[in-house]
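Inspection log for the structure reproduced underneath, given as structure tokens.
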Amino acid sequence: MNFRLLFQQVQQRTGPGFGAGPAGFARLMKRLGDPQTQYPAIHVAGTNGKGSVCYLCAAALQAAGRRTGLFVSPHVFSAQERIQLNGRPISQRAFARLCQTVLAAEKEPLNFFEIITAAALLYFAERKVDCAVLETGLGGRKDPTTLCRPVVTLITSVGLDHCALLGHSVGQIAREKAGIIKPGVPVFYPPLPLAAQAQIRRRAQAVQAPLHRVCAGQPFRLQKISWKHGRLLLQKGQQVWPLALLGEKQVQNACLVYQACRFLCVPEYALKQAFASVRVPCRFEICRRGRKTLIFDGAHNPQAIEGLMRFFRRSPWTKQAVLVCGFMQDKDYASMYKRLVPSFKRVYLTQPPGPRAARPEAVYEAVYKTAARCFLSGRAQGLSAVQKGNKVSLVSAPWRALDWAEQDAAAVLITGSFYLVGYLRARKGLTENSDCD
């Protein structure tokens with residue numbers, strides 16, 4: 001079957017009526033020969049930071065000469081990014097073939113993420129990887145990736161997100177994340193809220209899993225932010241390690257990856273090479289178009305937005321940038337919006353692509369508790385501006401929002417949803433091969 005057609009069909013498998021659940025997914029994998037038992041894994045959970053940590057771990061293993069699989073979500077440009085081998089996305093042909101294999105073994109109605117996860121686990125077995133790096137999709141305890149056989153597990157952060165499914169407190173959400181902890185398998189985690197640490201300790205003690213709390217400075221401290229080159233310079237003793245990622249939590253992520261990979265005997269030269277060369281799209285990614293600077297960041301929950309804004313205020317663009325933002329319906333968009341808007345003189349509130357996107361009018365009305373009054377005039381034709389003189393403009397088409405934002409300022413921050421930033425990055429011709437820092 002054609003890749004695009006197949007992916008469209010698989011993508012529709014969300015909501016009520018779909019999802020085999022942990023027991024049903026385990027039965028599916030058994031019918032497929034339990035491919036996830038054929039290689040070790042690094043299993044990563046967390047509210048934020050999972051993607052960066054997974055990319056760093058995979059890059060380090062690859063630099064050490066190990067055949068490495070990587071499974072992440074969501075994708076930015078193509079669904080193929082979710083399943084990678086040695087840094088290369090799976091081919092469309094292999095993706096379609098494996099999804100069809102999974103569907104042929106289906107007895108209980110699988111959902112989108114279960115199908116993609118099963119395809120990834122099959123692919124890594126087929127390609128005989130030395131290790132796979134697996135990112136949980138949601139929570140951990142009930143996530144399909146939890147069937148893997150990890151050699152280490154990492155929990156990157158715990159915050160309030162997906163509350164309807166995971167719980168409405170940090171402790172409840174941490175309990176779900178801690179579900180990836182396996183008997184005897186070492187757990188690495190950074191400083192976390194006390195309620196989260198208590199849940200992780202409780203689970204680790206129950207299954208006798210060694211705990212490794214990675215604190216600040218173990219072994220990296222931030223020496224300098226190189227805005228021009230889009231990287232952090234980390235201090236390790238007398239050495240300087242370039243890290244080709246920007247963001248408030250990237251030093252913490254680097255410490256976590258370093259400790260976990262050294263535990264697995266990954267040599268330092270491989271880690272240093274991986275840190276300097278890793279590319280993770282849309283994590284405070286700076287793209288330059290002539291004299292314009294576009295900053296893409298997929299922050300999509302209040303905790304991530306807070307970290308983004310603390311880091312952004314340290315940048316050279318903080319006084320000159322305008323904001324383009326849009327959110328998904330199932331997120332706490334009112335809270336995110338409130339954290340973003342005060343830092344900008346001009347805001348373009350738009351709608352990400354996809355059926356789950358929140359309308360800009362709905363976001364505005366939820367925040368200000370008043371109906372958005374619209375008008376059309378001149379250059380703003382097609383633009384729903386809240387009111388004359390107001391710094392917030394509602395724009396239904398995201399590409400138009402970015403066009404107008406570029407006309408208003410030399411720098412633009414685009415955030416609120418991976419679907420939005422990925423769409424606009426591609427729309428501007430800034431694909432994964434573009435010259436972005």
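Since this is a predicted model, take the numbers as computed values, not measurements. Values reported hereafter were calculated over all heavy atoms of this structure, with side chains retained and with hydrogens, waters and symmetry mates removed.
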Holding to side chain to side chain donor-acceptor pair (under 3.5 Å), I want the full list of residues that pass it with [X], two or more places apart in sequence or in another chain.
X	result
R149	none
W241	Q239
T37	none
E135	none

What are the two closest non-hydrogen atoms of [X] and [Y], and how far apart are they?
X	Y	value
V187	A209	CG2-CB, 4.1 Å
L234	A254	CD1-CB, 3.9 Å
L61	C131	CD1-SG, 3.9 Å
P190	I155	CD-O, 2.9 Å
E248	G307	OE1-CA, 3.1 Å

Can you pull out every ring pair (Phe, Tyr, Trp, His ring centres under 6.0 Å) where at least one residue sits in [range]? Sequence neighbours excluded, please.
range	answer
residues 406-429	H300-F418
residues 6-51	F7-H75, F7-F112
residues 113-147	F71-F113
residues 81-110	F3-F95

State, with a plain yes or no, whether a side-chain heavy atom of [X] is found less than 4.5 Å away from one of [Y].
X	Y	result
K391	V341	yes
T117	E114	no
V421	V76	no
L121	L134	yes

Evaluate V324 against W404 for side-chain contact (heavy atoms from CB on, under 4.5 Å), listing each step before the verdict. CA-CA 10 Å; V324 174; W404 287 339; over 6 Å; no
Sorted by first residue and then second, give each side-chain hydrogen bond (donor to acceptor under 3.5 Å, both in side chains) pair with at least one member in residues 22-36; sequence neighbours left out.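 As it turns out, the side-chain hydrogen bond (donor to acceptor under 3.5 Å, both in side chains) pairs with a partner in residues 22-36, which skip direct neighbours, are R27-E108, D34-Q36.
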Contact list for residues 60-73, test side-chain hydrogen bond (donor to acceptor under 3.5 Å, both in side chains), sequence neighbours left out: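 Passing the test, one end in residues 60-73: no pairs.
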Is the side chain of [X] donor-acceptor paired with the backbone N or O of [Y] at a distance under 3.5 Å, no angle test?
X	Y	value
S417	G326	no
R13	L110	yes
Q9	L6	no
R262	V266	yes

Would you please test D143 and I180 for side-chain contact (heavy atoms from CB on, under 4.5 Å) and show each step? CA-CA 8 Å; D143 194 83; I180 71 168; 6.0 Å; no
Would you say the side-chain atoms of R283 and Q250 include a donor-acceptor pair closer than 3.5 Å?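 Not at all, the side chains of R283 and Q250 share no donor-acceptor pair under 3.5 Å.
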Taking the six-membered ring for Trp, is the centroid-to-centroid distance between Y333 and Y337 below 6.0 Å?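 No, too far apart.
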Give a yes or no on whether the ring-centroid distance for W317 and F344 is below 6.0 angstrom.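 Ring centroids of W317 and F344 are no less than 6.0 Å from each other.
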Given side-chain contact (heavy atoms from CB on, under 4.5 Å), test R427 with L402 step by step and report yes or no. CA-CA 10 Å; R427 176 86 187 195; L402 183 52; over 6 Å; no
Inspect the contact between K292 and E406 and indicate whether a charged nitrogen and a carboxylate oxygen are less than 4.0 angstrom apart.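 Salt bridge flag = no for K292 with E406.
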Measure the acute angle between the ring planes of F311 and F284, then classify it against the limits of 30° and 60° as parallel, tilted or perpendicular.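 The arrangement is perpendicular - the two ring planes meet at more than 60°.
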Might you confirm whether atom CZ of R93 has over 12 heavy atoms from other residues, nucleotides or ligands at distances under 6.0 Å?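 It does not: R93 CZ has 12 such atoms or fewer within range.
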Any chance you could measure I181, atom CD1, to T146, atom OG1, to the nearest 0.5 Å?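 These two atoms lie 11.0 Å from each other.
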Which residues pass the salt bridge (Lys or Arg N to Asp or Glu O under 4.0 Å) test with R141, sequence neighbours left out?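 By the salt bridge (Lys or Arg N to Asp or Glu O under 4.0 Å) rule, R141 matches E176.
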Taking salt bridge (Lys or Arg N to Asp or Glu O under 4.0 Å) as the definition, give me every residue that meets it alongside R356, ordered by chain and number, with sequence neighbours left out.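 Here the qualifying residues are D330.
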Scan V257, L154, L70 and name whichever one has a side-chain contact (heavy atoms from CB on, under 4.5 Å) with I42.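 Answer after filtering V257, L154, L70: L154.
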Chi angles and distances behind the side-chain contact (heavy atoms from CB on, under 4.5 Å) call for Q80, Q92: CA-CA 7 Å; Q80 296 164 256; Q92 292 187 358; 3.3 Å; yes
